[in-house]
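This report concerns only the one structure given below.
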Amino acid sequence: MMCTGDLWEKQMKCDVLIAGSGSMAYLMALIFTDCKKRVAMSANRPDGFVLKDGLRITCDIPGRRTLSISPDDILLNPVSGEIKPGQLAIFTRSASNANAGIYDLELAHDKIVVFATKTFSNRSVVQELKPLLTRISGATILTIQNGMSPEIEIDGLLKVNGVKRYQLLRGIVFGGVFPTGSSCKLKHTIQALGIGNWNGDVPTETNEGSLQRIKQYFSDQTILVELFFGEDYRIKSVSKAAINYLSSVSFIFGAKIGEILGNELLAAWSSAKIDECLLISKFDMGLKINISVTKKIAEEIVFDLRPHYPSMAVDGFRSFCKPERPMNTEISQIDSKFVDFSIGPAPINEFCSDLLNDFIATFNEIAERSRSDALMFGVRFMVKNRSLVGLSAYDFLNLPMLNLNGGKEAFIQYRDQDTCSEKCKGIEEIPIKLASAYHQLKSRYVQTDMKAAI
């Protein structure tokens with residue numbers, strides 16, 4: 001039960017509340033505990049290694065130092081006592097509800113709330129935190145999310161839910177955070193964190209004060225932070241979205257970044273895709289983007305992430321082995337944004353967006369009837385696509401998530417049908433052959449009349 005009145009002093013206090021349980025949420029937790037803040041996290045139950053070994057994050061960028069938190073300073077679902085400076089209290093949530101301990105928290109002193117979740121979770125996160133946020137005055141809300149301008153959606157959701165008197169900022173991350181393979185260790189490649197707001201055209205005293213307050217928690221030895229207003233911020237925002245140009249390609253082909261860059265067809269197609277994004281930004285959105293410089297920066301950032309799948313692609317892969325969750329991903333939302341802003345044609349982004357939206361809807365439809373059929377449909381979709389551009393099917397099938405749920409059996413049963421000798425000869429053939437293969441596969445798994453979206 002929520003504490004009120006004379007019991008207010010007995011509430012557990014924190015300075016920072018983080019919504020999320022992924023690598024980026026852990027990075028933010030490490031940043032703030034390193035500043036000796038009392039940090040709380042609303043998250044899924046952490047892996048056992050977090051409670052046993054603590055957390056540690058490293059960075060190969062010169063001058064950056066390692067951040068860590070010991071298991072003694074990680075509290076799981078505390079019900080009494082206090083969160084001490086430098087400690088992290090993790091309040092786990094069920095599939096439907098947040099831990100009641102979140103509602104009883106008092107957000108004190110710094111009053112910072114960090115959204116480190118996926119954008120498709122924004123509505124549920126705001127509703128989950130509503131009891132806490134509606135009784136806070138003057139909170140600083142920082143969203144660390146992908147997308148073009150997720151803070152606009154969050155602002156609308158907060159207002160609809162009766163949350164008042166807050167400052168809303170967005171952190172634009174240029175780089176990635178990922179596990180190293182060691183249980184308690186993470187690594188990041190973040191060059192810089194840009195903070196601002198899509199609608200923050202004028203650097204008012206209030207806006208600039210909020211930005212400076214957030215900036216003080218970071219340093220060149222942890223993460224370089226830059227503050228942006230107006231068009232400078234919007235350029236950074238669309239540049240970040242453009243950097244995610246490989247995410248939809250990774251998902252469609254079940255390919256790591258290194259596989260895409262090392263494949264002649266996919267490298268050329270992906271290069272044309274980011275060109276399209278940047279041309280839309282410059283000529284249709286009217287932003288003063290230096291196309292060659294922005295593209296060079298994007299290529300440098302993704303080059304460091306070659307051994308990995310983009311996190312947005314992993315969101316989709318996880319649905320293969322989590323039957324309780326419908327498939328969802330931020331990828332198509334980013335591609336669709338560029339299409340929405342485009343005055344003229346945007347064939348590559350439109351194709352990727354339409355194909356992914358249709359695949360996700362179809363996968364979820366099949367999963368309602370049969371999880372095994374959905375798994376078969378999903379694996380065969382990616383294997384067929386890989387075959388069309390000359391990628392090995394078995395590289396994709398080494399993905400641990402597929403091994404958990406019979407993914408290899410899903411391919412081996414149909415290996416002769418899903419591997420083909422006739423491959424795309426140029427990038428102009430990629431959408432044609434992908435669409436044809438997709439509709440043939442879909443027609444075998446969907447019971448209703450097929451409604452082509454591409």
Side-chain angles (χ1 to χ4, degrees), residues 24 27-28 31 61 114-116 119 140-155 167-177 188-204 207-208 210-220 222-247 273-305 310-312 330-331 333-338 340-342 349:
M24 188 60 68
L27 172 60
M28 290 296 108
I31 290 286
I61 298 173
V114 181
F115 279 54
T119 55
T140 297
I141 299 174
L142 174 66
T143 170
I144 307 288
Q145 293 184 324
N146 291 305
M148 193 81 79
S149 50
E151 69 272 27
I152 293 179
E153 179 194 34
I154 292 173
D155 190 45
Q167 289 293 317
L168 178 60
L169 307 170
R170 180 192 174 200
I172 305 171
V173 178
F174 289 89
V177 184
H188 78 86
T189 60
I190 297 174
Q191 301 289 338
L193 178 67
I195 300 182
N197 187 294
W198 186 275
N199 291 325
D201 290 318
V202 181
T204 64
N207 287 340
E208 192 161 11
S210 297
L211 287 167
Q212 292 293 350
R213 282 195 295 275
I214 284 292
K215 185 177 180 179
Q216 69 180 325
Y217 303 108
F218 303 85
S219 71
D220 292 353
T222 56
I223 296 177
L224 174 65
V225 169
E226 302 171 313
L227 308 182
F228 295 97
F229 294 94
E231 183 178 45
D232 287 343
Y233 173 81
R234 288 188 281 275
I235 288 173
K236 285 291 180 182
S237 185
V238 298
S239 296
K240 163 63 176 178
I243 286 171
N244 288 318
Y245 71 106
L246 288 180
S247 293
K273 184 177 188 297
I274 191 174
D275 286 343
E276 187 177 282
C277 292
L278 296 175
L279 288 169
I280 290 169
S281 304
K282 185 176 180 70
F283 296 106
D284 296 342
M285 299 178 68
L287 298 176
K288 297 175 183 177
I289 285 181
N290 185 314
I291 291 178
S292 60
V293 170
T294 304
K295 184 174 182 179
K296 183 175 184 295
I297 292 171
E299 290 172 342
E300 289 174 349
I301 289 173
V302 300
F303 186 80
D304 291 335
L305 298 170
S311 64
M312 288 185 284
E330 300 168 308
I331 299 173
Q333 298 172 27
I334 292 176
D335 290 350
S336 296
K337 276 288 186 181
F338 282 107
D340 291 343
F341 278 115
S342 176
N349 284 280

Within this structure, what is the [atom1]-[atom2] distance for the pair [X] and [Y], rounded to the nearest 0.5 Å?
{"X": "Asn349", "Y": "Phe341", "atom1": "CG", "atom2": "CZ", "result": "13.0 Å"}
{"X": "Leu279", "Y": "Ile274", "atom1": "CG", "atom2": "CD1", "result": "10.5 Å"}
{"X": "Lys295", "Y": "Asn290", "atom1": "NZ", "atom2": "CG", "result": "12.5 Å"}
{"X": "Phe338", "Y": "Ser281", "atom1": "CZ", "atom2": "OG", "result": "4.5 Å"}
{"X": "Ile172", "Y": "Thr143", "atom1": "CD1", "atom2": "OG1", "result": "10.0 Å"}
{"X": "His188", "Y": "Thr222", "atom1": "NE2", "atom2": "OG1", "result": "7.5 Å"}

Going by heavy atoms in the side chains, are [X] and [Y] under 4.5 Å from each other?
{"X": "Ile141", "Y": "Leu169", "answer": "no"}
{"X": "Gln191", "Y": "Leu224", "answer": "no"}
{"X": "Val114", "Y": "Ile144", "answer": "yes"}
{"X": "Gln167", "Y": "Leu211", "answer": "no"}
{"X": "Ser247", "Y": "Ile334", "answer": "no"}
{"X": "Tyr233", "Y": "Glu226", "answer": "no"}
{"X": "Ile195", "Y": "Leu193", "answer": "yes"}
{"X": "Asn199", "Y": "Glu151", "answer": "no"}

- Task: Step by step, work out the side-chain contact (heavy atoms from CB on, under 4.5 Å) result for Met312 and Asn146.
- Result: CA-CA 9 Å; Met312 288 185 284; Asn146 291 305; 3.8 Å; yes
- Not counting sequence neighbours, which residues clear ring-ring contact (aromatic ring centres under 6.0 Å, His included) with Tyr217? List them please. Phe32
- Message: Could you go through Phe115 and Leu142, starting from their C-alpha distance and side-chain angles, then the distance that decides it, and tell me whether this counts as side-chain contact (heavy atoms from CB on, under 4.5 Å)?
- Response: CA-CA 6 Å; Phe115 279 54; Leu142 174 66; over 6 Å; no
- Task: Check the pair Arg170 / Trp198 against side-chain contact (heavy atoms from CB on, under 4.5 Å), numbers first and verdict last.
- Result: CA-CA 8 Å; Arg170 180 192 174 200; Trp198 186 275; 5.9 Å; no
[X] side-chain N/O to [Y] backbone N/O, donor-acceptor pair under 3.5 Å:
{"X": "Glu153", "Y": "Pro150", "result": "no"}
{"X": "Asn197", "Y": "Leu168", "result": "yes"}
{"X": "Lys282", "Y": "Ile291", "result": "no"}

- Message: Show, in sequence, the C-alpha distance, side-chain angles and deciding distance for Ile223 and Leu27, and conclude whether the side-chain contact (heavy atoms from CB on, under 4.5 Å) test is met.
- Response: CA-CA 10 Å; Ile223 296 177; Leu27 172 60; 3.8 Å; yes
- Query: For Glu300, what residues pass the salt bridge (charged side-chain N to carboxylate O under 4.0 Å, His left out) criterion, not counting sequence neighbours?
  - Reply: Lys296
- Report the residues that fulfil salt bridge (charged side-chain N to carboxylate O under 4.0 Å, His left out) with Asp340, sequence neighbours left out, ordered by chain and then residue number. none
- Query: Taking atom types as modelled, is there a side-chain donor on Gln333 or Thr119 under 3.5 Å from an acceptor on the other?
  - Reply: yes
- Query: Have Arg234 and Ser237 got a donor and an acceptor in their side chains that come within less than 3.5 Å?
  - Reply: no
Taking all atoms of both residues into account, what is the closest heavy-atom pair of [X] and [Y], and its distance?
{"X": "Ser342", "Y": "Ile280", "answer": "CB-CD1, 3.8 Å"}
{"X": "Ala298", "Y": "Ile243", "answer": "CB-CG1, 3.5 Å"}
{"X": "Met148", "Y": "Ala241", "answer": "SD-CB, 4.1 Å"}
{"X": "Ile289", "Y": "Ser239", "answer": "CD1-OG, 4.5 Å"}

- Test: Lys236 cationic atom under 6.0 Å from Phe174 six-membered ring centre, within 45° of axis: yes
